[in-house]
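Shown next, in structure tokens, is the structure this report addresses.
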Amino acid sequence: MPLRLYNTRTRSTQSFVPLRDDGVRIYVCGLTPSAQAHLGHARSFIFFDLLRRYLLHRGYRVTYVQNVTDIDDRSIAAAAETGKRWDEVVAQFYASFKDSMKKLGVRDPDVEPYATRYVPQIIETIASLLERGHAYVAQDGVYYRVASFPSYGELSHRRIEELEAGARVAIDEAKDDPLDFALWKFAKPGEPSWPSPWGSGRPGWHIECSAMSRALLDPEGIGFDIHGGGADLIFPHHENEVAQSEPLMERPPMAQFWVHGGLLLRDGKKMSKSLGNFEPLAQVLDRHDPQAVRLMFLQTGYGKVMNYTEESLLAARSVLERLKASYRAAASARGPGTGGALLARIEAALDDDMNTAVALSALLDAKAREAGVEELYSALDLLGLTPDVAWEQSPIAALPPQFLERVAAELSVGPGIDLDATKPQEVLERLIALRVQARARKDWAESDRLRKALAAGGIEVHDDREGTTWSVVS
RNA sequence: GGCGACGUAGCCAAGUGGUAAGGCAGGGCUCUGCAAAAGCCCCAUUCGGCAGUUCAAAUCUGCCCGUCGCCUCCA
């Protein structure tokens with residue numbers, strides 16, 4: 001069965017077939033690091049990470065490009081506010097963003113091009129547009145002439161006349177038409193700038209994506225497979241990209257599929273940098289398990305508007321615990337497995353326009369654990385919820401820092417263990433063994449003392465019918 | 001004003017013509033030295049409202065109500 005994806009441009013779900021034989025090419029509009037990233041960014045990039053994982057899972061080679069808009073009005077403004085250089089501001093916010101992505105299981109893009117490193121390609125693109133009559137030089141910059149591109153509005157399904165009629169398009173004296181947009185902005189005194197044939201300045205917001213996607217994914221000018229981003233980018237950003245790119249192509253369209261992630265609302269209201277009603281992503285990830293955050297997003301269709309509250313975050317944590325319990329059960333059961341039935345269910349769900357909610361329900365099915373650890377692992381990994389040592393609670397690498405010190409502090413008299421000369425994992429195993437013995441002889445005082453000591457070291461002990469297990473307290 | 005999305009149990013959410021997935025919360029049972037968890041079971045005669053099409057509708061059509069988004073920086 002083919003993967004079916006919703007295409008914004010056609011407003012329909014279509015079968016995905018790569019344009020070229022040598023793999024799938026994806027361009028996703030990345031971050032403008034002029035402020036802290038928020039959960040809405042996380043939702044979007046988690047989805048495109050998932051799409052990429054699934055294409056790889058299906059055996060495609062995938063080239064995934066995600067740009068970094070490192071120069072724009074806001075990074076200049078942020079620099080002015082903080083007294084730092086604009087590129088320092090960008091570096092700082094981007095590093096924090098990358099750190100959050102890593103925690104969320106979002107893998108690094110294959111290429112992360114910075115706008116300012118592609119200025120020659122950008123200038124070349126603008127020059128071509130000028131040559132072909134799609135652009136003009138004005139007093140304060142170079143502008144794209146929207147009227148020169150007849151299919152303008154096709155992606156976002158807007159008509160030029162309607163846009164013209166909209167009272168909210170700012171009137172700018174320098175432009176020939178209110179709909180025209182900047183390709184190149186001449187620098188005002190003190191602003192960072194790059195030389196160009198028309199005057200020193202900086203790229204307009206949209207042009208970098210046209211120049212960089214062409215340079216990195218489509219040198220032939222026949223388009224690439226998937227262009228992604230948040231739904232708020234459909235207009236004007238992606239519409240403008242199309243207008244810039246397609247007149248210069250051998251064979252439009254720019255992208256076979258335009259895939260957009262639904263926006264995330266916080267307590268019923270849109271989050272955005274300009275509204276400022278968001279909590280920084282890094283802060284959310286300090287309070288909540290990043291895997292629970294990822295899981296929360298998997299419960300809702302990627303393209304839908306989604307509202308989140310503190311409660312939904314907490315509910316996701318419970319779901320994660322269930323998954324872990326299921327995984328543990330599978331790990332200890334060593335059953336024959338179901339021979340791929342679980343993965344097949346998940347693949348079928350993802351084939352249906354990446355229906356993660358249904359995929360997840362397969363994983364939460366009581367029968368899921370019968371699939372066996374290996375298949376369960378693959379399924380979880382496919383969704384980016386890769387089980388780590390803490391899921392299995394056996395291996396040792398997950399022992400909290402200062403485990404030994406804390407246990408030693410609690411256990412003032414060592415019960416036949418040399419805490420100083422022993423590895424943490426050996427101490428742990430030893431203490432667990434001692435406690436099992438204590439329980440066997442119904443020495444509840446000793447048993448509880450050991451439980452308490454282990455708890456101090458960050459280890460929670462569970463006794464059940466099968467015996468004693470432990471887990472790292474997160 | 002133009003364009004669009006959504007409205008399914010207390011909450012989140014899948015399903016888009018064939019008779020309501022899944023999760024959270026809640027309730028019951030089993031297990032249990034403690035502590036904690038786990039397992040099993042129950043939990044919408046009904047899908048914002050009203051008409052209509054159909055043998056059959058949460059799913060299609062029309063109208064109405066409500067919430068949100070885009071049209072300006074935005075993932």
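Chain naming here is simple, since letters A, B, ... match the order of the sequence lines and numbering starts at 1 in each. Please read all numbers here as calculations on a predicted model, not as lab measurements.
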Practice problem: Map A/Thr300 and A/Asp232 onto RNA chain B by nearest heavy atom, then report which one ends up closer to the 5' terminus. | Solution: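 Nearest nucleotide further toward 5': that of A/Thr300.
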
Practice problem: Over all heavy atoms of both residues, which pair between A/Ala292 and A/Ala316 is shortest? Give the atoms and the distance, please. | Solution: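 That would be O-CB, 3.3 Å.
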
Exercise. For the side chain of A/Lys304, starting at C-beta, report the closest nucleotide among B/rA75, B/rA14, B/rC3.
Key: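 Closest of the options to the side chain of A/Lys304: B/rA14.
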
Quiz prompt | Options B/rA75, B/rG33, B/rA21, nucleotide nearest the side-chain atoms of A/Asp448 | solution =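 It is B/rG33.
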
To the nearest angstrom, how far is [X] atom [atom1] from [N] atom [atom2]?
X        : N      : atom1 : atom2 : result
A/Trp444 : B/rU32 : CH2   : C1'   : 10 Å
A/Glu310 : B/rC12 : CD    : C1'   : 15 Å
A/Arg43  : B/rG69 : CZ    : P     : 14 Å

Self-check item: Spacing of A/Ile226 atom CD1 and A/Ile26 atom CD1 [to the nearest 0.5 Å]
Solution: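 Between A/Ile226 CD1 and A/Ile26 CD1, I get 4.5 Å after rounding to 0.5 Å.
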
Quiz item: Would you say the base of B/rA35 and the side-chain of A/Arg451 have a donor-acceptor pair closer than 3.5 Å?
Solution: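 Yes, a donor-acceptor pair under 3.5 Å.
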
Who does [N] pair with, Watson-Crick or G-U, both distances under 3.5 Å?
N      : value
B/rA21 : none
B/rU54 : none
B/rU45 : none
B/rG7  : B/rC65

Exercise. Kindly say whether A/Asp72 contributes a backbone atom to a donor-acceptor pair with the side chain of A/Ser75 at under 3.5 angstrom?
Key: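 Yes, the answer is positive, given that a donor and an acceptor are paired below the 3.5 Å cut-off.
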
Quiz item: Is there a side-chain polar atom (N or O) of A/Asn307 under 4.0 Å from OP1 or OP2 of B/rG69?
Solution: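 No, because none of the side-chain N or O atoms of A/Asn307 sits under 4.0 Å from OP1 or OP2 of B/rG69.
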
